[in-house]
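Take a look at the structure set out below.
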Amino acid sequence: MKIPQVKGTRDFYPPQMAVRNWIIDGWKRVSLRNGFEEYDGPILEHLKMYQVKSGDEIVEQLFSLQDRGGRELAIRPEITPTLARMVNQQINSLPRPIKWFSVPRLCRAERPQKGRLREFFQWNIDIIGEDDVRADADVIFTTVDYLRDIGLTANDIVVKISSRRMLAAVLKEIGVSEGSLDSLYAVLDKKNKLPGETFEKMLDELLRDSGMVSKVRAFMELENIQQIEHMFGRQEAFNELVGLMKLLNSMGIGDYYRFDQGIVRGLAYYTGIVFEIYDKASELRAICGGGRYDNLLKDFGGPAISATGMGMGDCVLEILLREKGLLDVTELEKGLDYFIAYVPTIVSFEDNRTPLSVAVELAAELRRMDKRVDVSYRLTGLGKQLKEAAGRNAKNCIIIGDEFRERKLVVKDMATGEQEVVDYDEFLGRCDE
RNA sequence: GUGAAAGUAGCUCAGUCGGAUAGAGCACUGGAUUGUGGUUCCAGGGGUCGCGGGUUCGAAUCCCGUCUUUCACCCCA
């Protein structure tokens, strides 16, 4: 019986696995150099945990199950609630600020489409317990640090930054009631994705006040914070945004970001700075998004401690990297350091050992030195073995032949074809350095 | 959850007014080549044409269902 692959999942054959590892290794490397520590939680959590924060809609997009004791569990669709739970559990003993990162494997029962699958990896970085905008700057910088590291320039991507707090202040100034803020956010978030007329229509239906609609539209047309400040007066939230941008400038990524009040983020829990990163050339969905969420720990039964963070999935990123030609798969697949071939026509050496037994012994020796080494399983001609070495992407091929009667090896560089005869012990010494 | 397109060898695909043993390139395996590889040449293996049902003397081809994939919408933690 043929068993098909599960919808929206991927098989990682060695070439795909090399890509996945390359992406994740980069995430970890850049997180560490920016001062983040790695954590992880379980793949299963109580279903309740996601229902608390998210409501029925999200629960519908969850893979949930019952264990044998009748407990309702869910496969994690995100790791932020787990993070909140873990931090809350040890809040009194954790030194602050908490700068943690994780690369969890997540599942969401959505319909798969371009850049979105049912199982994926997501890089998360979070800073908990630091109100200062420097934390937000650190999150954005770390994200850009990675994208820049793998070869994406300011010509390729743009960080669109806004602030929920600033948005709330402006809308309040315009006269929008507190109660309609959340539904208005949802509309503003779509501004960049909808044709102008549709956007206007949605505003009309929501606000039912032509004066307010035109003010909101005028606000959305403004191009920078100075203009907004000019129109609505100086607000606390502006200082925060301006401060963030100054920090990003001094961190050397001033050409990567742009203020964009169309960035709101779909989720209700964001409270301050929000940002998303987009590819400039294509129509891909956001590469990543993040922001400040000051109520999350409290919502999970903890103290009122603020947090700011970012999440980046591997699906969109990989599509983007392929489009830009930044994924050199042949480069990623690391082959063998040494392939050891032996001359099968030699029955045995003076010490009664066969070329094959010498090859096996040498392989074990080199492996102890952490070299990637292999020997063919097939008893076949030297030509075939060299062919196998080439197929295995070996850097060098060692040949055990008549030279071994004087305890010497032939070491062949597979790229150039050059080969030299080296003393066995001298070769080992050289490898051990 | 809604809509559209597609599914033939491991991969990319050809093959349809319905016709007998279903093809190519690449990949894989073996040989040319028992002490020298990636090129070349020769040969070989591999398919119940996604699955199920229907129409027909006869289905990869037509019809229905189903699954999967892709794309768009909804949503996006």
Side-chain angles (χ1 to χ4, degrees), chain A residues 1-11 13 15 45 49-62 74 76-84 104 106-118 120 122 124 126 186 189-190 193-194 264-270 274 276 283 285-291 293 296 299 309-313 315-316 319 330 335 339 341-347 355 376 378-404 409-419 421:
Chain A
M1 187 170 66
K2 240 192 226 167
I3 310 288
Q5 213 176 332
V6 172
K7 189 189 192 75
T9 63
R10 290 170 288 180
D11 289 332
Y13 288 86
E45 291 278 6
M49 184 161 87
Y50 304 105
Q51 290 168 323
V52 164
K53 190 194 85 180
S54 326
D56 295 339
E57 230 173 74
I58 284 161
V59 176
E60 274 170 30
Q61 294 194 332
L62 272 177
R76 61 185 177 189
E78 57 172 330
I79 202 170
T80 311
T82 300
L83 171 67
L106 307 176
C107 289
R108 296 175 190 175
E110 297 175 291
R111 186 165 243 188
Q113 54 185 285
K114 192 173 188 182
R116 188 156 74 181
L117 296 170
R118 289 186 159 190
F120 56 96
Q122 190 183 63
N124 285 76
D126 289 278
D189 191 49
K190 289 188 171 61
K193 299 155 198 161
L194 291 174
V264 184
R265 306 280 297 151
L267 216 65
Y269 67 62
Y270 287 103
V274 285
E276 287 176 357
E283 298 283 307
R285 59 185 68 243
I287 302 164
C288 69
Y293 47 99
L296 191 71
D299 291 346
M310 181 285 304
M312 178 188 297
C315 302
V316 174
I319 293 170
T330 54
F339 189 92
Y342 50 93
V343 177
T345 48
I346 299 171
V347 179
S376 179
R378 299 191 301 174
L379 291 163
T380 182
L382 189 59
K384 285 276 184 245
Q385 293 181 63
L386 279 161
K387 203 168 189 161
E388 189 174 341
R392 297 289 293 278
N393 212 358
K395 285 204 238 353
N396 302 285
C397 191
I398 298 170
I399 299 166
I400 315 289
D402 284 319
E403 297 84 354
F404 190 73
L409 305 167
V410 175
V411 179
K412 184 182 179 75
D413 184 313
M414 294 299 281
T416 63
E418 285 169 23
Q419 56 188 52
V421 180

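Side chains are part of it too, since the values below use all heavy atoms of this structure and drop only hydrogens, waters and symmetry mates. All chains are named by letter (A, B, ...) in the order of the sequence lines, taking the proteins before the strands, and each is independently numbered beginning at 1.
- Between A/Glu276 and A/Arg265, at least one side-chain nitrogen of the basic residue sits less than 4.0 Å from a carboxylate oxygen of the acidic one, meeting the salt-bridge criterion.
- A/Glu388 has its CD atom 13 Å from the P atom of B/rG31, to the nearest Å.
- One interatomic measurement links the two molecules: CD of A/Gln385 to P of B/rU33, which rounds to 18 Å at whole-angstrom precision.
- Residue-level contact check: A/Ile399 touches the bases, meaning some heavy atom is under 4.0 Å from a base atom.
- Separation of the C1' atoms belonging to B/rU68 and B/rC26 is 25 Å when rounded to the nearest angstrom.
- Side chain of A/Arg108 to main chain of A/Gln61: no donor-acceptor pair is present (N/O by atom type, distance under 3.5 Å, no hydrogens or angles).
- Between A/Leu382 atom CG and B/rG38 atom P the separation is 12 Å, expressed in whole Å.
- Rounded to whole Å, atom P of B/rG1 lies 18 Å from atom CZ of A/Arg108.
- Comparing the C1' positions of B/rC63 and B/rU56 gives an interatomic distance of 12 Å, to the nearest angstrom.
- A/Ala394 comes within contact range of no nucleotide atom at all, as no heavy-atom separation falls under 4.0 Å.
- For A/Arg285, the side-chain atoms get nearest to B/rC76 when compared with the rest of B/rC76, B/rA77, B/rG37.
- Atom name P, nucleotides B/rG18 and B/rA60: the rounded distance is 13 Å, in whole Å.
- Residue A/Cys288 comes nearest to A/Met312 through the heavy atom pair CB-CB, 3.6 Å, listed as atom of the first residue, atom of the second, then distance.
- Distance A/Asp402 CG to B/rU36 P: 13 Å, rounded to the nearest Å.
- B/rG15 and B/rA24: their P atoms are spaced 15 Å apart (whole Å).
- Judged by atom type and distance alone, A/Gln5 does not reach the base of B/rU68 through any side-chain donor-acceptor pair under 3.5 Å.
- Between A/Lys384 and B/rU34 there is no side-chain polar atom (N or O) within less than 4.0 angstrom of OP1 or OP2.
- A residue-by-residue look at A/Thr380 and A/Gln419 shows that A/Thr380 has its nearest nucleotide of RNA chain B further toward the 5' end.
- Taking 4.0 angstrom as the limit, A/Thr345 places a side-chain polar atom (N or O) nearer than this to OP1 or OP2 of B/rG35.
- Nucleic acid contact class of A/Gly401 (heavy atoms, under 4.0 Å, all strands): base.
- Counting distance only, with no hydrogens placed and no angle test, the side-chain atoms of A/Arg111 and the base atoms of B/rC71 include no donor-acceptor pair under 3.5 Å.
- Salt-bridge annotation for A/Arg118 and A/Glu110: absent, with no side-chain N of the basic residue lying under 4.0 Å from a carboxylate O of the acidic one.
- Searching all strands for a Watson-Crick or G-U wobble partner of B/rG1 with both distances below 3.5 Å returns B/rC73.
- Among B/rG35, B/rC73, B/rG38, the nucleotide with an atom closest to any side-chain atom of A/Ala390 is B/rG38.
- The distance between atom OH of A/Tyr342 and atom P of B/rU34, rounded to the nearest whole Å, is 15 Å.
- Comparing the same atom, P, in B/rG19 and in B/rU61 gives a spacing of 11 Å after rounding to whole Å.
- Atom name P, nucleotides B/rG46 and B/rA22: the rounded distance is 13 Å, in whole Å.
- For the C1' atoms, the distance from B/rC13 to B/rG54 is 29 Å, rounded to whole Å.
- The same atom, P, is picked in B/rC17 and in B/rG25; the two are 24 Å apart, to the nearest Å.
- Note on A/Gly313: nothing from the nucleic acid sits closer than 4.0 angstrom, heavy atoms only.
- At the heavy-atom level, A/Gly417 lies under 4.0 Å from base atoms of the strands shown.
- In this structure, the NZ atom of A/Lys387 is 9 Å from the P atom of B/rG37, given to the nearest Å.
- B/rC57 is paired with B/rG19 under the criterion used here, namely a Watson-Crick or G-U wobble arrangement in which both key atom distances are under 3.5 Å.
- Evaluated for a side chain to side chain contact (heavy atoms under 4.5 Å, CB included) with A/Tyr342, the options A/Ile400, A/Ile399, A/Ile398, A/Leu382 yield exactly one hit, A/Ile400.
- In this structure, B/rU48 forms no base pair with any nucleotide, since neither Watson-Crick nor G-U wobble geometry is met with both distances under 3.5 Å.
- Scanning atom types as modelled, no donor and acceptor separated by under 3.5 angstrom connect the side chain of A/Lys7 and the base of B/rU68.
- Enclosure of atom CD in A/Gln5 by more than 12 non-hydrogen atoms of other residues, nucleotides or ligands within 6.0 angstrom is indicated.
- Counting non-hydrogen atoms under 4.0 angstrom, A/Glu403 reaches a base of the nucleic acid.
- You'll find a donor-acceptor pair under 3.5 Å spanning the side chain of A/Gln61 and the base of B/rA77, going by distance alone.
- Put simply, the side chain of A/Leu62 reaches to within 4.5 Å of the side chain of A/Pro77, judged on heavy atoms.
- B/rU29 atom C1' lies 9 Å from atom CZ of A/Arg378, rounded to whole Å.
- At least one donor-acceptor pair closer than 3.5 Å links the side chain of A/Gln385 to the backbone N or O of A/Thr380.
- Among the heavy atoms of the strands lying under 4.0 Å from A/Arg116 is at least one base atom, whether or not backbone atoms are also near.
- Base-pair partner of B/rC11: B/rG25 (Watson-Crick or G-U wobble, both distances under 3.5 Å).
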